[in-house]
Asks: 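I'd like to ask you about the structure that follows.
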Amino acid sequence: QVQLVESGGGSVQAGGSLRLSCAASGYIVSSNYMAWFRQPPGKEREGVAAISKAGGSTYYADSVKGRFTISRDNAKNTVYLQMNSLKPEDTAMYFCAATDRGGLWIMPWRWPEESQYNYWGQGTQVTVSS
């Protein structure tokens, strides 16, 4: 079975930084697209960032471009999300997602679609105060 475990969430003041980590249980996950999603309180889940299996291609939501950076270390089966210049609007539950499907290789622009991913972590809370 494949398992994803997030860590690194917490509470920070506006302008601060956090680094989220997602540890995968096997090489099947680390060899494919991985992504971060978030769900603010009372709102729908949205895609934050995604990264290809080799790390050569990255994708970001407009709301986080220039502030967040996604990266991965396949040797450690881990994906990261470095979050800088945090804003209160970034407050949300953050989820790690992965896939063993081939759709994103053909249509990478569809990375924000939840249906592209078949493995999900339990989530880690990020709270940003003003």
Side-chain angles (χ1 to χ4, degrees):
Q1 59 180 4
V2 176
Q3 184 176 358
L4 304 177
V5 180
E6 302 99 330
S7 62
S11 298
V12 298
Q13 294 184 348
S17 298
L18 284 174
R19 187 192 191 214
L20 305 183
S21 298
C22 174
S25 64
Y27 65 90
I28 293 178
V29 172
S30 64
S31 64
N32 289 278
Y33 274 80
M34 297 185 71
W36 287 95
F37 286 73
R38 68 184 182 185
Q39 185 169 21
K43 297 183 178 181
E44 298 293 324
R45 186 178 296 182
E46 62 181 354
V48 177
I51 187 168
S52 62
K53 63 180 180 180
S57 298
T58 56
Y59 309 88
Y60 298 93
D62 289 341
S63 59
V64 306
K65 284 183 178 179
R67 300 188 298 120
F68 291 11
T69 302
I70 188 171
S71 61
R72 69 191 299 169
D73 186 340
N74 288 337
K76 298 180 179 179
N77 290 327
T78 301
V79 65
Y80 306 94
L81 185 67
Q82 178 66 47
M83 305 184 295
N84 298 326
S85 301
L86 283 163
K87 305 175 180 179
E89 307 93 89
D90 296 318
T91 295
M93 183 71 72
Y94 283 71
F95 299 88
C96 178
T99 183
D100 59 5
R101 301 166 181 168
L104 295 179
W105 172 252
I106 302 172
M107 299 176 287
W109 57 90
R110 301 184 68 170
W111 69 267
E113 300 177 0
E114 293 186 33
S115 62
Q116 300 293 333
Y117 307 90
N118 55 338
Y119 302 112
W120 293 84
Q122 82 288 348
T124 185
Q125 179 67 41
V126 172
T127 302
V128 184
S129 60
S130 60

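Being a predicted model, the structure only gives us computed values, none of them experimental.
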Asks: Mind listing the closest non-hydrogen atom pair of Ser85 and Ser17 along with its distance?
Replies: N-OG, 4.3 Å

Asks: Say you draw a straight line from OG1 of Thr124 to CG of Leu18; how long is it, rounded to the nearest 0.5 Å?
Replies: 9.0 Å

Asks: Any heavy-atom pair between the side chains of Met83 and Val126 that's under 4.5 Å?
Replies: yes

Asks: Locate the shortest heavy-atom distance separating Phe95 from Gly121; write the atom from each residue and the value.
Replies: CD2-O, 3.8 Å

Asks: Just jot down the ring pair (Phe, Tyr, Trp, His ring centres under 6.0 Å) partners of Trp105, sequence neighbours excluded, or say none.
Replies: none

Asks: Atom CD in Gln39, atom CD in Gln125: separation rounded to 0.5 Å?
Replies: 10.5 Å

Asks: When rounded to the nearest 0.5 angstrom, what distance separates CE in Met34 from OH in Tyr80?
Replies: 11.0 Å

Asks: If only atom types and distance count, is the side chain of Arg72 paired as donor or acceptor with the main-chain N or O of Ser52 below 3.5 Å?
Replies: yes

Asks: Measure the spacing between OG1 of Thr78 and CG of Leu4 and express it to the nearest 0.5 Å.
Replies: 10.5 Å

Asks: May I ask you to decide if Gln122's main-chain N or O and Glu6's side chain share a donor-acceptor pair within less than 3.5 Å?
Replies: yes

Asks: Between Thr58 and Tyr60, what is the shortest heavy-atom contact and its length?
Replies: OG1-CE1, 3.6 Å

Asks: For a quick test of your reading: what N or O donor-acceptor pairs under 3.5 Å do the side chains of residues 109-117 make, sequence neighbours left out?
Replies:
{"from": "Arg110", "atom 1": "NE", "to": "Glu113", "atom 2": "OE1", "distance (Å)": "3.1"}
{"from": "Arg110", "atom 1": "NE", "to": "Glu113", "atom 2": "OE2", "distance (Å)": "3.1"}
{"from": "Arg110", "atom 1": "NH2", "to": "Glu113", "atom 2": "OE1", "distance (Å)": "3.2"}
{"from": "Glu113", "atom 1": "OE1", "to": "Gln116", "atom 2": "NE2", "distance (Å)": "3.1"}
{"from": "Tyr117", "atom 1": "OH", "to": "Trp111", "atom 2": "O", "distance (Å)": "2.8"}

Asks: Hey, quick one: are Val2 and Trp36 part of the same hydrophobic cluster, counting side-chain heavy atoms closer than 4.5 Å, chains of contacts allowed?
Replies: yes

Asks: Looking at Ser130 and Pro88, what are the two nearest heavy atoms and their distance?
Replies: CB-CG, 3.9 Å

Asks: How far does CD1 of Ile51 sit from OG of Ser57, to the nearest 0.5 angstrom?
Replies: 8.5 Å

Asks: Mark yes or no for whether Thr91, through its side chain, and Val128, through its backbone, hold a donor-acceptor pair below 3.5 Å.
Replies: yes

Asks: Checking the side chain of Asp100 only, and the main-chain atoms of Asn32 only, is there a donor and an acceptor separated by less than 3.5 Å?
Replies: no

Asks: So, for Val48 and Phe37, which heavy atoms are closest and what is the spacing to 0.1 Å?
Replies: CG2-C, 3.9 Å

Asks: If the threshold is 4.0 Å, N to carboxylate O, is there a salt bridge linking Lys65 and Asp62?
Replies: yes

Asks: Quick check: do Leu86 and Phe68 have side-chain heavy atoms less than 4.5 Å from each other?
Replies: yes

Asks: Side-chain contact test, heavy atoms from C-beta onward, threshold under 4.5 Å: evaluate it for Val64 versus Arg38 and give yes or no.
Replies: yes

